[in-house]
Visitor: 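The structure that follows is given in the form of C-alpha cells.
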Amino acid sequence: MNFNTKVIHGGQHHESATGSVNVPVFLTSTFAQKSPGVHSGYEYSRAANPTRQALEDSLASIENGARGLAFGSGLAAIDCVLKLLNPGDEVVAVDDLYGGTYRMFTRLFKKYQLKFTFVNFDDVSKISDVITDKTKLIWLETPTNPLMKLVDIKAVTDLVKGKDILVAVDNTFATPYLQLPLDLGADIVMHSATKYLGGHSDVIAGALIAKTPELGEKLHFIQFASGGILGPHDSYLVLRGIKTLALRVQRHSENGMVVAKYLENHPAVDQVFYPGLESHPQFDLAKKQMKDFGGMVSFTFKSGKKEDSIKFLEKVKVFTLAESLGGVESLANHPALMTHASIPEEKRAELGITDDLVRLSVGIEDKEDLIADLERAFG
Ligand SMILES: *Cc1c(COP(=O)(O)O)cnc(C)c1O
C-alpha cells in the first residue's frame with residue numbers, strides 16, 4: 001500500500017457485527033467473558049480497547065512499524081520510553097528540544113539517576129565523543145523546535161549499529177508523510193499526536209511506534225503497568241485526523257514555502273529558519289531526508305528587538321497567537337515567552353532562541369490571506 005492509501009486503510013477493517021465502515025467509539029471500561037479468562041481478546045480498556053487498537057494499527061501502518069501505541073499526551077509517550085531505562089543509564093539528546101521534553105528529562109528523570117547529555121547533532125561524528133558504555137538511548141528531534149535544525153537520522157543509526165543503544169525520533173514536526181525514521185534505522189518513533197496527526201487542534205494525544213514486535217511488547221507492558229493510555233473518543237478523533245494527513249501536509253508544505261520565501265524577502269526580517277530554503281545550512285540533508293518541508297517556519301527581526309516581535313504577534317488576525325502547532329489553522333507563537341519559557345534564559349541564548357524569535361505554524365488556509373495578514377502585522 002502507498003502512503004495516501006495507508007492513511008485511510010492501513011490496519012483498518014470494517015466492524016464485524018454491523019459492517020460499520022468506521023470503527024465505533026467503544027465507550028467501555030470492561031468486556032464480558034464467557035468463562036473466567038475466556039474472552040474476545042479484550043478484558044479491560046487500560047490493556048486494550050478496540051477504538052484505540054484501530055488507531056494503534058493505523059499508527060504502525062503509516063510509520064512502517066511493528067506496533068503502535070496511543071497515549072494520553074505526547075509527553076506520556078516520552079515518559080513510557082524513558083521507563084525502559086535503569087538508574088545509571090545515560091541518554092544522549094539533541095540540544096534544541098521541545099521545551100516539555102527538556103523539562104521532563106532534566107527535572108523529572110534526572111532524580112531517578114538517569115544522566116542526560118545534550119549535544120548539537122549538526123556534526124554526527126561529535127556524538128561518538130559523548131557516547132559511553134552506559135549510553136542506552138539517543139533521543140532525536142528533526143526538524144527541531146523552534147530552530148528547524150535537522151539531524152541526519154541515517155548517519156546516527158549507522159553510528160550506533162550493533163551497539164546496545166536505542167534510537168528514538170520525535171517525528172512530530174515532520175510526520176510520516178515527510179520522513180520515515182524507522183526506515184532510516186531508528187527503533188522508536190514518537191509523536192505528539194496533538195499536532196499534525198490529530199490535525200484539528202481538538203485533542204491532546206501521543207503515540208509511539210516500535211520497529212520490532214519485541215520492543216512494542218516492552219513498551220506496551222510499561223503503558224499497561226503505568227496507565228497513560230488514550231481514551232476511545234480521543235482515539236477516534238486522531239484516527240479521523242490521520243485520514244487527511246497526506247492532503248493536509250501537502251498543503252502545509254506549499255503554504256510553508258510561500259510564507260518562508262515572503263519572510264526571507266521582507267526588509268524587517270533578519271533570519272528565516274525553514275529547511276526548504278536554500279539558505280538553510282542543511283538544505284542538502286533536508287532534500288535527501290524529507291519528501292517536502294512542512295509548515296513550520298521561524299524567524300527573527302533585523303532590529304533584534306523583543307518589542308517588535310510582540311507588536312507583530314499582537315497584530316496578526318488570520319494567524320492566532322497561541323501555543324501548539326500542526327492544526328489546519330495558522331498559529332503564531334513567541335518561543336521565549338510561551339512554549340520554551342521553561343528553558344533557562346542562558347540556555348535559550350546559547351541555543352539561539354532569542355527574544356525576537358517568532359515561530360509560525362502555517363495552516364492550510366489560502367496563501368494570499370496568510371501573506372496579507374503577515375503584511376498587515378509588519379506594517
Ligand atoms: C507538543 C510536542 C510535544 C509534547 O506533546 P503533548 O501532546 O503536548 O504532550 C513533544 N514534542 C514536540 C516536538 C511537540 O511539538
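Values in this document were obtained by computation on a predicted structure and should not be read as measured data. The first residue in the sequence is number 1, and the count goes up from there.
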Visitor: Taking it one step at a time, do T142 and Q289 satisfy side chain to side chain contact (heavy atoms under 4.5 Å, CB included)?
Guide: CA-CA 10 Å; T142 179; Q289 182 161 281; 3.7 Å; yes
Visitor: With clusters defined by side-chain heavy atoms of hydrophobic residues (ILVMFWY) lying less than 4.5 Å apart, directly or transitively, does Y98 cluster with V167?
Guide: yes
Visitor: Side chain of D373, backbone of F319: donor and acceptor closer than 3.5 Å?
Guide: yes
Visitor: Measure across I343 and L97 and return the closest heavy-atom pair with its distance rounded to 0.1 Å.
Guide: CD1-O, 4.3 Å
Visitor: Look at the rings of F378 and F299 and say which category their plane angle falls in: under 30° parallel, 30 to 60° tilted, over 60° perpendicular.
Guide: tilted
Visitor: May I ask you to decide if H252's main-chain N or O and N255's side chain share a donor-acceptor pair within less than 3.5 Å?
Guide: no
Visitor: Yes or no on side chain to side chain contact (heavy atoms under 4.5 Å, CB included) for H220 and L69, after CA distance, side-chain angles and deciding distance?
Guide: CA-CA 7 Å; H220 177 259; L69 294 166; 3.8 Å; yes
Visitor: Minimum heavy-atom separation for A77 and A207, please, with both atom names.
Guide: CB-O, 3.8 Å
Visitor: Shared ILVMFWY cluster between L351 and V358, side chains joined below 4.5 angstrom?
Guide: no
Visitor: Can you list the steps and then say if K243 with N22 is a side-chain hydrogen bond (donor to acceptor under 3.5 Å, both in side chains)?
Guide: CA-CA 11 Å; K243 290 179 188 177; N22 287 304; 2.7 Å; yes
Visitor: Hey, does N333 have a side-chain heavy atom less than 4.5 Å from the side chain of S361?
Guide: no
Visitor: Determine whether M1 and L245 fall in the same hydrophobic cluster, where Ile, Leu, Val, Met, Phe, Trp and Tyr are linked whenever their side-chain heavy atoms lie under 4.5 Å apart.
Guide: no
Visitor: A side-chain contact here means heavy atoms from C-beta on lying under 4.5 Å apart; do R67 and P213 qualify?
Guide: no
Visitor: In terms of hydrophobic clusters joined by side-chain contacts under 4.5 Å, are W139 and I209 together?
Guide: no
Visitor: With side chains defined as the heavy atoms from C-beta onward, is the minimum distance between K261 and L277 less than 4.5 Å?
Guide: yes
Visitor: Just checking, is any N or O donor in the side chain of T194 or S192 under 3.5 Å from an acceptor N or O on the other one?
Guide: yes
Visitor: Scan L150, V151, T144, D152 and name whichever one has a side chain to side chain contact (heavy atoms under 4.5 Å, CB included) with F121.
Guide: V151
Visitor: Would D158 and K154 count as a salt bridge (Lys or Arg N to Asp or Glu O under 4.0 Å) here? Give the steps.
Guide: CA-CA 6 Å; D158 281 349; K154 178 84 171 40; 3.0 Å; yes
Visitor: Would you confirm whether N2, through its side chain, and N4, through its main-chain N or O, come within 3.5 Å as a donor-acceptor pair?
Guide: no
Visitor: Apply the test side chain to side chain contact (heavy atoms under 4.5 Å, CB included) to residues D170 and H191: give CA-CA distance (whole Å), side-chain angles for both, the deciding distance (0.1 Å), then the verdict.
Guide: CA-CA 6 Å; D170 181 337; H191 278 277; 5.9 Å; no
Visitor: Examine F109 and I78 and state if one hydrophobic cluster contains both, with Ile, Leu, Val, Met, Phe, Trp and Tyr joined whenever side-chain heavy atoms are less than 4.5 Å apart.
Guide: yes
Visitor: Show the nearest heavy-atom pair for residues A70 and Q223, with the distance to one decimal.
Guide: O-NE2, 2.8 Å
Visitor: Ignoring hydrogens and geometry, is there a side-chain-to-backbone donor-acceptor pair from S253 to G294 under 3.5 Å?
Guide: yes
Visitor: Any salt bridge between K126 and D123, counting N to O under 4.0 Å?
Guide: no
Visitor: Write out all pairs satisfying side-chain hydrogen bond (donor to acceptor under 3.5 Å, both in side chains) with one or both partners inside residues 293-306, taking only residues at least two apart or from two chains.
Guide: S303-D308
Visitor: Backbone N or O of P24 within a donor-acceptor pair of the T51 side chain at under 3.5 Å?
Guide: yes
Visitor: Which heavy atom in A336 sits nearest to a heavy atom in D355, and how many Å separate them?
Guide: CB-OD1, 3.5 Å
Visitor: Can E264 and S279 be counted as having a side-chain donor-acceptor contact under 3.5 angstrom?
Guide: yes
Visitor: Would you name the heavy atoms of L360 and A332 that are closest together and state the gap between them?
Guide: CD2-CB, 3.7 Å
Visitor: Taking the side chain as every heavy atom from C-beta outward, state whether R359 and M296 have any pair of such atoms under 4.5 Å apart.
Guide: yes
Visitor: Look only at the side chain of H340 and the backbone of G100, and say whether a donor-acceptor pair between them is shorter than 3.5 Å.
Guide: no
Visitor: Considering only heavy atoms from C-beta outward, does the side chain of K149 approach that of Q282 to under 4.5 Å?
Guide: yes
Visitor: Should L59 and L208 count as side-chain neighbours, where that means a heavy-atom distance under 4.5 Å?
Guide: no
Visitor: Consider only side-chain N and O atoms of Q179 and N171, and report whether a donor and an acceptor are under 3.5 Å apart.
Guide: yes
Visitor: D356 and S309: side-chain donor and acceptor closer than 3.5 Å?
Guide: no
Visitor: V94 and V119: side chain to side chain contact (heavy atoms under 4.5 Å, CB included), yes or no, with the steps?
Guide: CA-CA 5 Å; V94 61; V119 285; over 6 Å; no
Visitor: So do the side chains of L197 and P176 get within less than 4.5 Å of each other, counting heavy atoms only?
Guide: yes
Visitor: Please check if the number of heavy atoms outside K110 that lie under 6.0 Å from its NZ is greater than 12.
Guide: no
Visitor: Relative to F224, does K83 satisfy both conditions: NZ or CZ under 6.0 angstrom from the six-membered ring centre, and within 45 degrees of the ring's axis?
Guide: no
Visitor: Would you find a donor on one side and an acceptor on the other, under 3.5 Å apart, between the side chain of S61 and the backbone of D57?
Guide: no
Visitor: Within the structure provided, determine whether V249 and K291 are in side-chain contact (heavy-atom separation under 4.5 Å).
Guide: no
Visitor: Under the 3.5 angstrom rule, does the side chain of K134 hit a backbone N or O of V91 as a donor-acceptor pair?
Guide: no
Visitor: Does Y196 have R248 sitting over its ring (NZ/CZ under 6.0 Å from centre, angle to axis within 45°)?
Guide: no
Visitor: List the atom pairs, with distances to 0.1 Å, where a side-chain N or O of residues 198-205 and a protein N or O form a donor-acceptor pair under 3.5 Å, not counting sequence neighbours.
Guide:
{"unit_1": "H200", "atom_1": "ND1", "unit_2": "G198", "atom_2": "O", "d": "2.9"}
{"unit_1": "S201", "atom_1": "OG", "unit_2": "E329", "atom_2": "OE2", "d": "2.6"}

Visitor: Please report the shortest heavy-atom distance between V316 and A377, naming the atom on each side.
Guide: CG1-CB, 3.6 Å
Visitor: Does the Q12 side chain pair with the main chain of A54, one donor and one acceptor, at a distance under 3.5 Å?
Guide: yes
Visitor: Indicate yes or no: does E314 engage K311 in a salt bridge with an N to O separation below 4.0 Å.
Guide: no
Visitor: Just do the side-chain hydrogen bond (donor to acceptor under 3.5 Å, both in side chains) check on T132 and E90 with the steps written out, would you?
Guide: CA-CA 8 Å; T132 72; E90 297 183 4; 2.9 Å; yes
Visitor: So, Q53 versus N49: side-chain donor-acceptor pair below 3.5 Å or not?
Guide: no
Visitor: Going through the checks in order, is the side-chain hydrogen bond (donor to acceptor under 3.5 Å, both in side chains) test met by D292 and Q250?
Guide: CA-CA 8 Å; D292 205 334; Q250 271 167 34; over 6 Å; no
Visitor: Does a donor on one side chain and an acceptor on the other come within less than 3.5 Å for S20 and H14?
Guide: no
Visitor: Does the plane of the ring in F105 sit parallel, tilted or perpendicular to the ring in F116? Use 30° and 60° as the thresholds.
Guide: parallel
Visitor: Take the angle between the ring planes of F293 and Y274 and call it parallel below 30°, perpendicular above 60°, tilted in between.
Guide: perpendicular
Visitor: Are a donor atom and an acceptor atom from the side chains of E43 and T30 found within less than 3.5 Å of each other?
Guide: no
Visitor: Does one side chain, of N64 or K6, offer a donor that lies under 3.5 Å from an acceptor on the other?
Guide: yes
Visitor: Any sub-3.5 Å donor-acceptor pair from S73's side-chain atoms to A76's backbone N or O?
Guide: yes
Visitor: Is any NZ, NE, NH1 or NH2 atom of the basic residue among D234 and R52 found under 4.0 Å from an Asp or Glu carboxylate oxygen of the other?
Guide: no
